[in-house]
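So the structure is just underneath, and the comments pick up after that.
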Amino acid sequence: MIVIIPDVLSKDEQSQLKLLAAQSTFVDGKETAGFRAKLVKNNEQVAKDATNKRQLQEIVVAALNRSKEFRRGAIPHRIRPPLISRYRPGMTYGTHVDDALMGPANNRDRTDVSVTVFINDATEYDGGELVIHSPFGIQEVKLPERYAVIYPSGTLHEVAEVTRGERLVAVTWVQSYVRDERQRQFLSDAAQIRDRLHALDPKAPETDTAFRLHTNLLRMWAET
């Protein structure tokens, strides 16, 4: 399930991220790549010891947690500390799959959902499409500023070469309460129906049924 989420970042959050990124030291993105991804990763990211790294991460995570569409699609249990990544002309990230487990050995997170938040606008660079190799074929994603896309972490994907300008994004990963992609899709669909019925007639018996359906599906499938 690929979900496009508009306006995840507020304009103020976007401005803060741009300012903080401009003040940050960027290093070779291979520092956080898995052993195979190192072969194809060619970008830059905010250094691990950057003084404003935590602030950057907190802004992104707060914005995601505030988004109803994100919560509905990802059903987040834990969100990894985001990476702020930069692509300049000639940079790319070849075909790869994200690591299944991330984090320190004694506190690892399973990666179920991958997230890209677009900090600057698509008009500011050429190339740089997020290319997802889905079961339905190649999906190219290049979104306006402040948008986000979420997609299953188990898919092969890549970032096309940037040929002009600069692509600035935040990327992170989610351990979902529901690890199965199909089950997350069913829950998302059920939540949309539930919310629509509630808006139309909150006291209708069908609305109660929709809430019961969504709640009990989540109860059946969630892992804590």
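Worth knowing before you read on, the calculation uses all heavy atoms, side chains too, and leaves out hydrogens, waters and symmetry mates. Note that the coordinates shown come from a computational prediction; the quantities given were computed from them, not determined experimentally.
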Who passes side chain to side chain contact (heavy atoms under 4.5 Å, CB included) against [X], sequence neighbours left out?
| X | answer |
| --- | --- |
| Glu58 | Arg54 |
| Glu13 | Leu9, Ser10, Ile59, Ala63, Arg66 |
| Arg108 | Leu101 |
| Glu181 | Met1, Pro152, Arg184 |

Once you round to the nearest 0.5 Å, how far does [atom1] of [X] lie from [atom2] of [Y]?
| X | Y | atom1 | atom2 | result |
| --- | --- | --- | --- | --- |
| Arg86 | Asn120 | CZ | CG | 11.0 Å |
| Asp195 | Lys68 | CG | NZ | 4.0 Å |
| Thr92 | Glu129 | OG1 | CD | 10.0 Å |
| Ile84 | Leu20 | CD1 | CG | 9.0 Å |
| Arg72 | Asp189 | CZ | CG | 9.5 Å |

If every non-hydrogen atom of [X] is compared with every non-hydrogen atom of [Y], which pair is closest and at what distance?
| X | Y | value |
| --- | --- | --- |
| Leu218 | Ile75 | CD1-CG2, 4.2 Å |
| Ala21 | Leu168 | CB-CD2, 4.1 Å |
| Ile79 | Asn65 | CD1-OD1, 3.5 Å |
| Val27 | Ala47 | CG1-CB, 3.7 Å |
| His157 | Ile132 | CB-CA, 4.1 Å |

Show the numbers, then the answer: is there a side chain to side chain contact (heavy atoms under 4.5 Å, CB included) between Asp201 and Lys203? CA-CA 6 Å; Asp201 191 348; Lys203 295 182 179 180; 4.1 Å; yes
Among all residues two or more places apart in sequence or in another chain, which pass the salt bridge (charged side-chain N to carboxylate O under 4.0 Å, His left out) test with Lys18? Glu124
Across all chains, not counting sequence neighbours, the salt bridge (charged side-chain N to carboxylate O under 4.0 Å, His left out) partners of Glu31 are none
By ring pair (Phe, Tyr, Trp, His ring centres under 6.0 Å) - contacts of Tyr177 (at least two apart): His77
Only counting residues at least two apart or in another chain, list the ones meeting ring pair (Phe, Tyr, Trp, His ring centres under 6.0 Å) with Phe70. none
Output every pair passing salt bridge (Lys or Arg N to Asp or Glu O under 4.0 Å) with a member in residues 157-175, not counting sequence neighbours, ordered by first then second residue. Arg88-Glu166, Asp126-Arg164
Salt bridge (Lys or Arg N to Asp or Glu O under 4.0 Å) contacts touching residues 133-146 (sequence neighbours left out): Asp7-Arg146
Check this for me: Arg196, atom CZ, are more than 12 non-hydrogen atoms of other residues, nucleotides or ligands nearer than 6.0 Å? no
[Y] versus [X], side-chain donor and acceptor atoms under 3.5 Å:
| X | Y | result |
| --- | --- | --- |
| Asp98 | Ser114 | yes |
| Tyr87 | Asn43 | yes |
| Asp180 | Trp221 | no |

Taking the side chain as every heavy atom from C-beta outward, state whether [X] and [Y] have any atom pair closer than 4.5 Å.
| X | Y | answer |
| --- | --- | --- |
| Leu83 | Trp173 | yes |
| Tyr151 | Val113 | no |
| Leu64 | Ser67 | no |
| Ile5 | Val8 | yes |
| Thr163 | Pro89 | no |
| Leu143 | Val149 | yes |
| Val174 | Ile150 | no |

Hydrophobic cluster membership, with links at side-chain heavy-atom distances under 4.5 Å among I/L/V/M/F/W/Y: are Val117 and Val169 in one? no
Ring pair (Phe, Tyr, Trp, His ring centres under 6.0 Å) contacts touching residues 109-147 (sequence neighbours left out): none
Starting from the C-alpha separation in whole Å, work towards a yes-or-no answer on side chain to side chain contact (heavy atoms under 4.5 Å, CB included) for Gln45 and Thr32. CA-CA 9 Å; Gln45 61 199 32; Thr32 57; 2.7 Å; yes
Please walk me through it: do Asp28 and Glu44 pass side chain to side chain contact (heavy atoms under 4.5 Å, CB included)? CA-CA 5 Å; Asp28 192 333; Glu44 299 174 328; over 6 Å; no
Do Phe211 and His214 have ring centres separated by under 6.0 Å? no
Could you please spell out the steps behind the side chain to side chain contact (heavy atoms under 4.5 Å, CB included) verdict for Val46 and Leu56? CA-CA 9 Å; Val46 170; Leu56 285 160; 4.1 Å; yes
Arg80 bridged to Asp109 by N-O distance under 4.0 Å: yes
Salt bridge Arg110-Asp112, side-chain N to carboxylate O under 4.0 Å: yes
Starting from Val131, walk the hydrophobic network (Ile, Leu, Val, Met, Phe, Trp, Tyr; side-chain heavy atoms closer than 4.5 Å) and list everyone else you reach, by chain and number. Ile138
